[in-house]
Trainee: 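One structure is given below, represented as structure tokens, and several questions about it will come after.
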Amino acid sequence: MKALVLSGGAGTSPAGCSLPALLVPIANKPVLQYVVDNLRDIGITEIGVVIGDGEHEVAELFGDGSVLGVTLTYLDERTSLGLAHSVRLARPFLGDDDFVLYLGGTVFADGISHIAEDFERLRPSAQVLVDKVEDPRLYGVAEVDENSRVTRLIERPREPRSDLAMIGVYFFTSAIHAAVDAIEPSWRGEFEITDALQWLVTHERDVRASSYSGFWKDTGKIEDVLECNRELLLGLRADVQGVVDAESRLIGDVVIEEGARVVRSCIVGPAIIGPGTLVEESIVGPYASVGADCRITESGVADSIVLNEASVHNVSGIETSLIGRKARVGSARQHRLVVGDGAHVEVAA
């Protein structure tokens, strides 16, 4: 079995972050790393990654995938025309193998092993992952019978007849290729994977649904990224590889990565301090992820993500914030900041 991971395309990263969606860091790990971990856990090591313009940082960071224990093949998609179009583009890579289609901007904290087990046991033409959502109008919606067979699918219905949304993981046999070839563009001008699935249902192919009961989150909005960060930080266990001086305190589950230094400071877990980062005369955490080579001095940072090479100085308290790469924030009294990559913010106290 193979996997096809979609990057999410332009505009899917949170505000203030110019990184591709697959590289947005959650608890100091890029989203793609969580995706690959979930795929590797179910035995998949051949992974195609669809990337668009401006997303080649993904290939630059992960290379051939050997650092993650997999083989990554990058597939360029200049223009995004829908999920089914991406499947069509990837046909030479996929061949006639079974495969997982995985929306790379979504984090599944509890993995996807149960849907893999359902697919292997039932051997349908397609197995989709669903969950109940408050507003199904924002999703592709599945109508399911008492045996978990999908009877109807519709993309972003105005009047949903079901609250079961498809949430970003699909298992397919090669039957999906005929469906992808048969459909026309939707009213949005895209080739919808929902329409391809409906084609299978209409042609009496077996399409099943598996419910997801764990934590999952699309990481396209800052509030969702921060919620995801909180959830994944809860899984940390205390680990100190860097240097913590005698005047500092670590409370709870705190990770200090190699090369980091904590000087006259308090780190409240769950929190993680990245390699090469200096925290001095500051309070960091709880629920804080600080990336590599940052400087946090005379400041307080909680419930926030600070990206690589950013600096925060003389800030009385930053909360529920995202500080971009190489950004500089000083003399600010803000509870919520969204600071773009490379920005310089100075606010009078």
Trainee: Under the criterion side chain to side chain contact (heavy atoms under 4.5 Å, CB included), I'd like the reasoning laid out for Ile47 against Val5: C-alpha separation, chi angles, the key distance, then a yes or no.
Mentor: CA-CA 7 Å; Ile47 302 171; Val5 176; 3.7 Å; yes
Trainee: Would the distance check show the side chain of Asn308 and the main-chain N or O of Asp293 forming a donor-acceptor pair, the cut-off being under 3.5 Å?
Mentor: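 Side chain of Asn308 to backbone of Asp293: no pair is present.
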Trainee: If a pair satisfies ring-ring contact (aromatic ring centres under 6.0 Å, His included) and one of its residues is in residues 115-159, list it, with sequence neighbours excluded.
Mentor: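 Of all non-adjacent pairs touching residues 115-159, those that pass ring-ring contact (aromatic ring centres under 6.0 Å, His included) are Phe119-Phe171.
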Trainee: Looking at Leu72, is its backbone amide N or carbonyl O close enough to the side chain of Asp64 to form a donor-acceptor pair, meaning the two atoms are under 3.5 Å apart?
Mentor: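 Judged by distance alone, no pair lies under 3.5 Å.
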Trainee: Near Arg188 CZ, under 6.0 Å, is it more than 12 heavy atoms from other residues, nucleotides or ligands?
Mentor: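 More than 12 within 6.0 Å, yes.
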Trainee: Same cluster or not: are Leu234 and Trp216 linked, directly or through other Ile, Leu, Val, Met, Phe, Trp or Tyr residues, by side-chain heavy atoms under 4.5 angstrom apart?
Mentor: no
Trainee: Please find the pair of heavy atoms, one from Arg328 and one from Ser311, that lie closest to each other, and give the distance.
Mentor: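 So the minimum-distance heavy-atom pair works out to CG-OG, 3.2 Å.
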Trainee: Do Leu83 and Leu103 have side chains that approach each other closer than 4.5 Å (heavy atoms only, starting at C-beta)?
Mentor: yes
Trainee: Mind checking whether Ser248 and Ile267 have side chains closer than 4.5 Å, heavy atoms only?
Mentor: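 Ser248 does not reach Ile267 side chain to side chain.
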Trainee: So, Thr219 side chain and Gly105 main chain: donor-acceptor pair closer than 3.5 Å or not?
Mentor: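 Yes, Thr219 side chain to Gly105 backbone: donor-acceptor pair under 3.5 Å.
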Trainee: Measure the spacing between SG of Cys294 and CZ of Arg325 and express it to the nearest 0.5 Å.
Mentor: 12.0 Å
Trainee: Return yes when atom CZ of Arg40 has more than 12 non-hydrogen atoms of other residues, nucleotides or ligands closer than 6.0 Å, and no otherwise.
Mentor: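 Count over threshold, so yes.
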Trainee: Can you list the steps and then say if Ile26 with Lys217 is a side chain to side chain contact (heavy atoms under 4.5 Å, CB included)?
Mentor: CA-CA 11 Å; Ile26 311 290; Lys217 189 64 63 174; over 6 Å; no
Trainee: Verify the neighbour count for atom CZ of Arg205: are there more than 12 heavy atoms of other residues, nucleotides or ligands below 6.0 Å?
Mentor: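 Check fails, neighbour count at 12 or below.
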Trainee: Any salt bridge between Arg91 and Asp96, counting N to O under 4.0 Å?
Mentor: yes
Trainee: So do the side chains of Arg208 and Arg149 get within less than 4.5 Å of each other, counting heavy atoms only?
Mentor: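 A side-chain contact under 4.5 Å exists here.
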Trainee: Taking the side chain as every heavy atom from C-beta outward, state whether Ile193 and Phe172 have any atom pair closer than 4.5 Å.
Mentor: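 Yes, their side chains come closer than 4.5 Å.
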Trainee: Group every Ile, Leu, Val, Met, Phe, Trp and Tyr by side-chain heavy-atom contacts under 4.5 Å, then state whether Val255 and Val262 land in the same group.
Mentor: no
Trainee: Any sub-3.5 Å donor-acceptor pair from Asn28's side-chain atoms to Val290's backbone N or O?
Mentor: yes
Trainee: For the side-chain contact (heavy atoms from CB on, under 4.5 Å) test, which of Leu4, Asn38, Val36 pairs with Tyr102?
Mentor: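 Single side-chain contact (heavy atoms from CB on, under 4.5 Å) partner of Tyr102 among Leu4, Asn38, Val36: Asn38.
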Trainee: Closer than 4.0 angstrom, basic N to acidic O: yes or no for Glu190 and Arg156?
Mentor: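 Result for this pair is no, no salt bridge flagged.
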Trainee: Please check if the side chain of Ser299 supplies one atom and the backbone of Thr297 the other of a donor-acceptor pair under 3.5 Å.
Mentor: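 Present.
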Trainee: Count I, L, V, M, F, W, Y as connected when their side-chain heavy atoms are under 4.5 Å apart, and connections chain through other members. Are Leu68 and Leu61 then in the same cluster?
Mentor: yes
Trainee: Which heavy-atom pair separates Thr320 from Ser304 by the least distance, and what is that distance?
Mentor: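 Shortest heavy-atom contact: N-OG, 3.3 Å.
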Trainee: Stepwise, does the side chain to side chain contact (heavy atoms under 4.5 Å, CB included) test hold for Glu192 with Ile183?
Mentor: CA-CA 8 Å; Glu192 311 281 2; Ile183 63 173; 5.6 Å; no
Trainee: So for atom CZ, which belongs to Arg137, do other residues, nucleotides or ligands contribute more than 12 heavy atoms lying within a distance under 6.0 Å?
Mentor: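 Result for CZ/Arg137: open.
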Trainee: Can you pull out every ring-ring contact (aromatic ring centres under 6.0 Å, His included) where at least one residue sits in residues 245-288? Sequence neighbours excluded, please.
Mentor: none
Trainee: Of all the heavy-atom pairs spanning Asp98 and Ser174, show the shortest one and how long it is.
Mentor: OD1-N, 4.4 Å
Trainee: Consider only side-chain heavy atoms of I, L, V, M, F, W and Y, link residues closer than 4.5 Å, and tell whether Val70 and Ile112 are in one cluster.
Mentor: yes
Trainee: Does any non-hydrogen side-chain atom of Asp76 lie less than 4.5 Å from one of Ile51?
Mentor: yes
Trainee: Main chain of Glu281, side chain of Ser265: is a donor-acceptor contact present, judged purely on distance under 3.5 Å?
Mentor: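 Yes: the side chain of Ser265 pairs with the backbone of Glu281.
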Trainee: Any chance you could measure Ile272, atom CD1, to Asp239, atom CG, to the nearest 0.5 Å?
Mentor: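 If I round to the nearest 0.5 Å, the distance is 9.0 Å.
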Trainee: Between Asp163 (side chain) and Lys132 (backbone), is there a donor-acceptor pair under 3.5 Å?
Mentor: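 No: the side chain of Asp163 does not pair with the backbone of Lys132.
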Trainee: Nearest 0.5 Å, please: how far is CZ in Arg261 from CG in Leu278?
Mentor: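 Here the rounded value is 5.0 Å.
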Trainee: Rounded to the nearest 0.5 Å, what separation is found between the CG atom of Asn147 and the CG atom of Leu122?
Mentor: 10.5 Å
Trainee: Does Arg161 reach the main-chain N or O of Glu143 with its side chain, forming a donor-acceptor pair under 3.5 Å?
Mentor: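 Pair absent, no side-chain N/O of Arg161 close to backbone of Glu143.
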Trainee: Report the C-alpha separation of Glu57 and Leu23 in whole Å, then their side-chain angles, then the decisive distance to 0.1 Å, and conclude whether the side chain to side chain contact (heavy atoms under 4.5 Å, CB included) test is met.
Mentor: CA-CA 8 Å; Glu57 285 180 83; Leu23 296 186; 3.7 Å; yes
Trainee: A side-chain contact here means heavy atoms from C-beta on lying under 4.5 Å apart; do Leu322 and Leu307 qualify?
Mentor: yes
Trainee: Output the distance between atom CZ (Phe99) and atom CG (Leu101), rounded to the nearest 0.5 Å.
Mentor: 6.0 Å
Trainee: Give a yes or no on whether the backbone of Ser211 and the side-chain of His114 come within a donor-acceptor separation of less than 3.5 Å.
Mentor: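 Side chain of His114 to backbone of Ser211: a pair is present.
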Trainee: Give me the one residue out of Tyr34, Tyr212, Phe215 that meets ring pair (Phe, Tyr, Trp, His ring centres under 6.0 Å) with Phe108.
Mentor: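 Considering Tyr34, Tyr212, Phe215, a ring pair (Phe, Tyr, Trp, His ring centres under 6.0 Å) with Phe108 is found only for Tyr212.
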Trainee: Around Ile283, counting heavy atoms of other residues, nucleotides and ligands shown, do more than 12 lie under 6.0 Å from its CD1?
Mentor: no
Trainee: Let me know which of Leu197, Leu129, Val141 forms a side-chain contact (heavy atoms from CB on, under 4.5 Å) with Met166.
Mentor: Leu197
Trainee: Answer whether the closest heavy-atom distance between the side chains of Val240 and Val254 falls below 4.5 Å.
Mentor: no
Trainee: Do you know which two heavy atoms are closest between Thr151 and Val201, and how far apart they sit?
Mentor: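 Minimum heavy-atom separation between Thr151 and Val201: O-CG1, 3.5 Å.
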Trainee: When you compare the side chain of Ile256 with that of Val244, does any pair of heavy atoms fall below 4.5 Å?
Mentor: yes
Trainee: Could you pull out the closest heavy-atom pair between Glu134 and Pro136, with the gap in Å?
Mentor: O-CD, 3.5 Å
Trainee: Within the side chain of Lys2, is there an N or O that forms a donor-acceptor pair under 3.5 Å with the backbone of Asp97?
Mentor: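 Not a single qualifying donor-acceptor pair exists.
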Trainee: Considering non-hydrogen atoms only, spot the tightest contact between Thr277 and Gly291 and give its length.
Mentor: OG1-O, 2.6 Å
Trainee: CD of Glu120 to CD of Gln127: how many Å apart, nearest 0.5 Å?
Mentor: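 Reported to 0.5 Å precision, the distance equals 11.5 Å.
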Trainee: Treat each ILVMFWY residue as a node, draw an edge where side-chain heavy atoms are under 4.5 Å apart, and state whether Ile305 and Val31 are in one component.
Mentor: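 Yes, one cluster joins them.
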Trainee: With a 3.5 Å cut-off and no angle check, do the side chains of Gln198 and Thr194 form a donor-acceptor pair?
Mentor: no
